[in-house]
Protein chains: 2
Amino acid sequence: MTSRAEAADMPYDGETKTPDRLRRRASRLLSGMTAQSDRLMNEGLAQVDARKWHYAVLASLQEHGPGSQATLSRRTGIYRSDMVGVLNELAERGFVERAPDPDDRRRNVITITAQGRRHLRRLDKVLDDLHDELLAPLTPAERDQFVQLLTRLLDHHTQQAPHLPIS
Amino acid sequence: MTSRAEAADMPYDGETKTPDRLRRRASRLLSGMTAQSDRLMNEGLAQVDARKWHYAVLASLQEHGPGSQATLSRRTGIYRSDMVGVLNELAERGFVERAPDPDDRRRNVITITAQGRRHLRRLDKVLDDLHDELLAPLTPAERDQFVQLLTRLLDHHTQQAPHLPIS
DNA sequence: CCTACATCGTTAGGCTGGCTAACGCAAGAG
DNA sequence: CTCTTGCGTTAGCCAGCCTAACGATGTAGG
């Protein structure tokens, strides 16, 4: 409250904030960590000729069964404009099948193939290992808590602001 | 264990994995959450004619004092090729000053101005509010823990893989 | 002094991911 | 039959991240 500012060579002009707010800002930590995570996953998946989206689509297919491209788009959070390309790649490799839906001729029904299921198992293993590396510094309990905190945060934000088609 | 596969209409071919592995993958939670966070911060900062980078630079200047562009680049994680533009924007608005360094004529010395400090205080307030919104579903204790977990993870990965110039 | 190398600010450009817009087609509602 | 909605597809924008190269300047070694 007292007038002790105006000292021109003192950089901290009355700020009592935590010194390294830059490093502590959750938003900054998040984007830093995501950058790291993306790098890790992309590199790892590239070694088995896959991408994150491949996994998302295959996993969604296996867990919720076949669906139209739009459905998959909603389930995975991939825009339907980008879904086209992803499915092309997956179909090229024989991991999914794209067949016209007889009940609704606008739609394609996407089905995972046996090969796709094998590939998915492989990806799951790869991702497990990568996540082990990603979360290496945390104990199992901490990992659970981390995931739980993230889940709660994400749920909160995707529910009241459905900006993303995720989930 | 028994052979009960081959049932073609049953999508789950013996997988005993957690059903919603897609949603639980830390990497996926992270990128989802970061997307949400980035959106929030960008929108909030845009309302005061600012960007994330502006904050990073100003905060770094205030905390560690003036420095060359390359130094700032290393401190904030902004590539020096992009730093040019950021500093142009900040200088235009009178938040920093760019002066040639007499001791090393390759360098510019960047200094935060009084106006810059005022602006930074404003940004800090804005960001505080935004983070309150971001972390709304968490209790104070949980927020701390979240930040702490993220910090540990990030430290771990940036130390042994200095891919990013961050910090 | 000369040479070799590193660092600085700057410009240009590439790649990727997220996102919007528009199209033609098909389905459903009134 | 028309209007609206959803579908798959193409095209393209924009921001972030990142590399490469340039001329100018500094540093170290002979």
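Every chain is numbered from 1 and lettered A, B, ... according to where its sequence line falls, protein lines coming before strand lines. Note that this is a predicted model, so its numbers are computed, not measured.
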More 5' along DNA chain C: A/S81 or A/N42, using each one's nearest nucleotide? A/N42
Atom pair distance, as rounded to whole Å: CG in B/D101 and P in C/dT7: 17 Å
OP1 or OP2 of C/dT10 sitting under 4.0 Å from any side-chain N/O of B/Q69? yes
Counting side-chain heavy atoms from CB outward, which of C/dA27, D/dG8, D/dC18 is closest to A/D104? C/dA27
A/S31 or A/N88: which one's nearest nucleotide on DNA chain D is closer to the 5' end? A/N88
B/V84 reachable from B/L61 in the ILVMFWY side-chain graph, under 4.5 Å edges: no
Return yes if a side-chain donor-acceptor contact under 3.5 Å exists between A/R93 and A/Q115, otherwise no. no
Checking side-chain polar atoms at under 3.5 Å, does B/S31 have a donor or acceptor matched by the opposite partner on B/T34? no
Roughly how many Å is it from CG in B/L45 to P in D/dG16, rounded to a whole number? 11 Å
Pairwise 5' ranking along DNA chain D for B/R105 and A/S68, keeping only the more 5' one: A/S68
Identify, between B/V109 and A/K52, the residue whose nearest nucleotide on DNA chain C lies closer to the 5' end. B/V109
Need one value for A/N108: base, sugar-phosphate or nothing, where a base atom within 4.0 Å counts as base even if backbone is also close, heavy atoms only. sugar-phosphate
Would you say the base of C/dG9 and the side-chain of B/R80 have a donor-acceptor pair closer than 3.5 Å? yes
From CZ of B/R74 across to P of C/dA6 the rounded distance in Å is 15 Å
Tell me the interatomic distance from A/I110, atom CD1, to D/dG8, atom P, rounded to whole angstroms. 8 Å
Figure out the CE/P separation between B/M41 and D/dG16, and round it to whole Å. 14 Å
Between D/dG26 and B/R106, counting only base atoms on the nucleotide and side-chain atoms on the residue, is there a donor-acceptor pair under 3.5 Å? no
B/R51 near the nucleic acid: base, sugar-phosphate alone, or nothing, with a heavy-atom cut-off under 4.0 Å? nothing
At under 4.0 Å, does any side-chain N or O of A/Y79 touch on OP1 or OP2 of C/dC19? yes
Please determine if a side-chain N or O atom of B/R39 lies less than 4.0 Å away from the OP1 or OP2 oxygen of C/dC19. yes
Whole-Å gap separating C1' (D/dC18) and CD (A/Q36): 15 Å
Specify the separation, in whole Å, of atom CE of B/M33 and atom C1' of C/dG18. 17 Å
Ionic contact status for B/E89 with B/R51, cut-off 4.0 Å: yes
Per atom distances to the A/V84 side chain, the nearest of C/dT10, D/dT10, D/dC7 is D/dT10
Carefully, step by step, assess A/T71 and A/R80 under the rule side-chain contact (heavy atoms from CB on, under 4.5 Å). CA-CA 9 Å; A/T71 306; A/R80 68 193 210 284; over 6 Å; no
Whether the side chain of A/R98 engages the backbone of A/V109 through a donor-acceptor N/O pair (distance < 3.5 Å, no angle test) should be reported. no
B/I78 CD1 to C/dG9 P, in whole Å, measures 13 Å
